[in-house]
Amino acid sequence: MSLRIYNVLTQQKETFAPIQPPQVNFYLCGVTVYGRSHIGHLRCFLSFDAILRYFRYRDYDVRFVRNFTDIDDKIIARAAEISAGPEGAWRQDEAYANYDDAMWSERLDEDALIRERAAGQDRHLAEVVADYFIDVFHNEDFQPFDLVAPMSEPRVSQYIPQIIALIEKIMANGFAYESAGDVYFDVPTYHAKTQSYGRLSGRDVAQMLEGARVAPSDKKRSGPDFVLWKQARPGEPSWPSPWGDGRPGWHIECSAMSVEELGQPFDIHGGGKDLIFPHHENEIAQSEAAAQMPYCHTWMHNGFITVDGVKMSKSLGNFITIAEGLKMAPPEVWRYIVLSTHYANPIDFSRTREVQGAQGTEVVRGSIDIAFDRLEYFYESLQKAAQQLAEAAVDGSDAAGQAPVDDARVDAIKAQFCAAMDDDFNTARAVATIGEGMKVLNEFCDMKAKAAAKLPGGASARLSTVAKIADILREVLGVLGLPAGDPTAVLEGLRDFSVAQRGLDRAWIEAQIDARLAARDARDWARSDEIRDALLAAGVALRDGPKGTAWKVLRG
RNA sequence: GGCGCCGUCGCCAAGUGGUAAGGCAGAGGUCUGCAAAACCUUUAUCACCAGUUCGAAUCUGGUCGGCGCCUCCA
């Protein structure tokens, strides 16, 4: 089976062929560090995380680079706002129209922390802002998610010499011009020579030129031209260059960092759909104009998270930060939600849509509850298998050496998982495959002794089959980045989360269960049911098993 | 206005030419002192219209509805 990937550049699925197998050079656009990340960023990184893990699983040598954009207008703007302080006029800005008290409080606390950190440092406040949010990215927002670590995480501020060299090269090739301290990429000239501008985003340069109106005061020669180097304005961070003090334009940094880290051309470039134009289109133009060779073979773009069908954005105030998201659900639940949809499709959280028959319930919660249930199902199944295997080893009827039952469904698990992932990383199908596998696992776990005795190989073949299925399932879960270790630990984690969320007390729950067990021993069914109903009312469901009583917190 | 995407069972979501994966919810059953666990069975012709084809949810044209990018954006 070969791996097929939808390439945005060619608008079709292509069989993936690395430039230098088994190496896969992969560049993912990271974040601009001017604020907290939201679940849209999370979606992007979790989607690509599963993709990277699958490459590794297929024995590719993945060289993964994810950058930080730490020089940018928004960072500078944020620094200016922090300097102006809480009383500044910036608070009347339209962008903050949707801020409520909680958001303001959080925002101003953050500003205070940054101001504190900046004190005594002889650096531009914008640099401190960037540093601060890089720390938050690593140590808070994404720390709980167990993302595959990049080989490197280049920052624009550390690549100024390479950026300047790249711009010089583009100018030397005649595709950029200086204009009053700025340097612009010359789109019409470039396109006239290469016919390649607009290939990624499906844009037509002639039309762009027609529609463009270049104001006389504009430093640009034509509308589609974009800035490679911006002249410094007073009070902004800047670096010396052949064109005077200034800073890089928005797109050039990714061109410089990706090629510096991965070489040109490299295999795959990823990012959000909103980056296709102009960011990625311009990256291609710059890099190819400089090196006169292809920039990147395959372009992959993830879909958005939308709320009520509309893209989350700061200006609409409809975004959910990762910090908020983690109050709603633990990391593996978010990962499950992300994996349940193909990476290129949108994930919609509508607040108004009907959910499970209950009008007005938020789908955010509905999605979380379903993901919770499925994860519990997965890990309860694995836990059951692990317990059976552990007990068998203890009582000496170990199945070691016994061949697992030859069941086509068992072999199908991994094959179907790989087929799904091979088909443009279809994690939704891959997750469905895992669900099917869990079904087969449960079937063998719950098999009656009489039925097990009839298996080819006898009763001990049942256990060896359980072991085999569980191994396969843990393996494929790990490929998606879902927990592959001790299932009990996962379940405890999920339960602790729910207990805390419901404001319950573990000790009380356990005491109730003990009391009920005593009643059951006395065959006092009425008392037993009374306790069970009381727990149920509190949101705790019980499940009696041969080894005692298990409990779980109900969702919703 | 330009470019592009989407519309699949009550809800979520796969499926890009061969006759609709999976999950949730619903119904029935096995098991169980009871139990919302587990397992089994069961529930759609794919927004609409017209074409291409032996055959289309899948291709073409059109209609309606939703969205994205074109300014910063994962």
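Note that these values count all heavy atoms, side chains included, but never hydrogens, waters or copies made by symmetry. Naming: A, B, ... by sequence-line order, numbering from 1 per chain.
A:Ile347 has its CD1 atom 14 Å from the C1' atom of B:rA14, to the nearest Å. For A:Tyr27 and B:rA74, the OH to P distance is 13 Å, given to the nearest whole Å. Atom pair A:Leu554:CG and B:rC24:P shows a separation of 15 Å (rounding to whole Å applied). What separates CD of A:Glu376 from C1' of B:rC24 is a distance of 14 Å, to the nearest Å. In this entry the distance linking CG of A:Asn67 with C1' of B:rA74 reads 12 Å, nearest Å. Taking atom NE2 on A:His279 and atom P on B:rC70, their separation rounds to 13 Å, with Å as the unit.
For A:Val310, the side-chain atoms get nearest to B:rG68 when compared with the rest of B:rA14, B:rG68, B:rC24. Of all nucleotides listed (B:rC24, B:rA13, B:rC70), B:rC24 comes nearest to the side chain of A:Arg374.
Geometrically, A:Arg43 does not engage A:Trp334 in a cation-pi contact, judged by NZ or CZ lying under 6.0 Å from the ring centre and within 45° of the ring axis. Judged by the 6.0 Å and 45° rule, A:Lys311 forms a cation-pi pair with A:Phe304.
Across every strand in view, B:rA21 sits unpaired, with no contact that passes the Watson-Crick or G-U test at under 3.5 angstrom.
Listed by first and then second residue, the ring pair (Phe, Tyr, Trp, His ring centres under 6.0 Å) pairs involving residues 423-448 of chain A are A:Phe55-A:Phe425 (not counting sequence neighbours).
For the pair A:Asp70 and A:Arg155, the salt-bridge criterion is met [side-chain N within less than 4.0 Å of a carboxylate O].
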Please list each protein N or O that sits under 3.5 Å from an N or O in nucleotides 37-42 of chain B, with the distance.
{"residue": "B:rA37", "atom": "O2'", "partner": "A:Arg543", "partner atom": "NE", "Å": "3.4"}
{"residue": "B:rA37", "atom": "O2'", "partner": "A:Arg543", "partner atom": "NH1", "Å": "3.3"}
{"residue": "B:rA37", "atom": "O2'", "partner": "A:Arg543", "partner atom": "NH2", "Å": "3.3"}
{"residue": "B:rA38", "atom": "O3'", "partner": "A:Asn442", "partner atom": "ND2", "Å": "3.3"}
{"residue": "B:rA38", "atom": "O2'", "partner": "A:Asp446", "partner atom": "OD2", "Å": "2.3"}
{"residue": "B:rC39", "atom": "OP1", "partner": "A:Tyr377", "partner atom": "OH", "Å": "2.4"}
{"residue": "B:rC39", "atom": "OP1", "partner": "A:Asn442", "partner atom": "ND2", "Å": "3.3"}

For nucleotides 27-33 of chain B, list the nitrogen or oxygen atoms of the protein found under 3.5 Å from its nitrogen or oxygen atoms, one pair per line.
{"residue": "B:rG33", "atom": "N7", "partner": "A:Arg520", "partner atom": "NH2", "Å": "3.4"}
{"residue": "B:rG33", "atom": "O6", "partner": "A:Arg516", "partner atom": "NH2", "Å": "3.1"}
{"residue": "B:rG33", "atom": "O6", "partner": "A:Arg520", "partner atom": "NE", "Å": "3.4"}
{"residue": "B:rG33", "atom": "O6", "partner": "A:Ser528", "partner atom": "OG", "Å": "3.2"}
{"residue": "B:rG33", "atom": "N1", "partner": "A:Asp529", "partner atom": "OD1", "Å": "2.9"}
{"residue": "B:rG33", "atom": "N2", "partner": "A:Asp529", "partner atom": "OD1", "Å": "3.1"}
{"residue": "B:rG33", "atom": "N2", "partner": "A:Asp529", "partner atom": "OD2", "Å": "2.7"}

Could I get a table of every N or O pair under 3.5 Å where one atom is in the protein and the other is in nucleotides 3-7 of chain B?
{"residue": "B:rC3", "atom": "O2'", "partner": "A:Ser201", "partner atom": "O", "Å": "3.2"}
{"residue": "B:rC3", "atom": "O2'", "partner": "A:Gly202", "partner atom": "O", "Å": "3.0"}

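Below 30°, between 30° and 60°, or above 60°: for A:Phe64 and A:Phe26 the angle between ring planes is above 60°, a perpendicular geometry.
Residue-level contact check: A:Gly303 touches the bases, meaning some heavy atom is under 4.0 Å from a base atom. As judged by a 4.0 angstrom heavy-atom cut-off over every strand, A:His38 is placed among the base-contacting residues. Residue contacts for A:Ile305: at a heavy-atom cut-off of 4.0 Å it reaches a base atom on one of the strands shown. Among the protein residues, A:Leu536 comes within range of the nucleic acid bases, having at least one heavy atom under 4.0 Å from a base atom. A:Ile276 comes within 4.0 angstrom of nothing in the nucleic acid, heavy atoms only.
Defined by atom type and a distance below 3.5 Å, a donor-acceptor pair is present between the side-chain atoms of A:Asp225 and A:Ser222. Between the side chains of A:Arg4 and A:Gln12, no donor-acceptor pair of N or O atoms lies under 3.5 Å.
With RNA chain B read from its 5' end, the first of the two nearest nucleotides for A:His342 and A:Gly30 is the one closest to A:His342.
A donor-acceptor pair is defined here as one N or O able to donate and one able to accept, closer than 3.5 Å; such a pair exists between the side chain of A:His41 and the backbone of A:His38.
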Base versus backbone protein contacts along nucleotides 16-21 of chain B [heavy-atom cut-off under 4.0 Å; B, S, -]: S----B
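By the side-chain contact (heavy atoms from CB on, under 4.5 Å) test, A:Ala534 is found to be paired with no residue, residues two or more places apart in sequence or in another chain being considered.
In this structure, A:Arg233 places its CZ atom where only 12 or fewer heavy-atom neighbours from other residues, nucleotides or ligands lie under 6.0 Å away.
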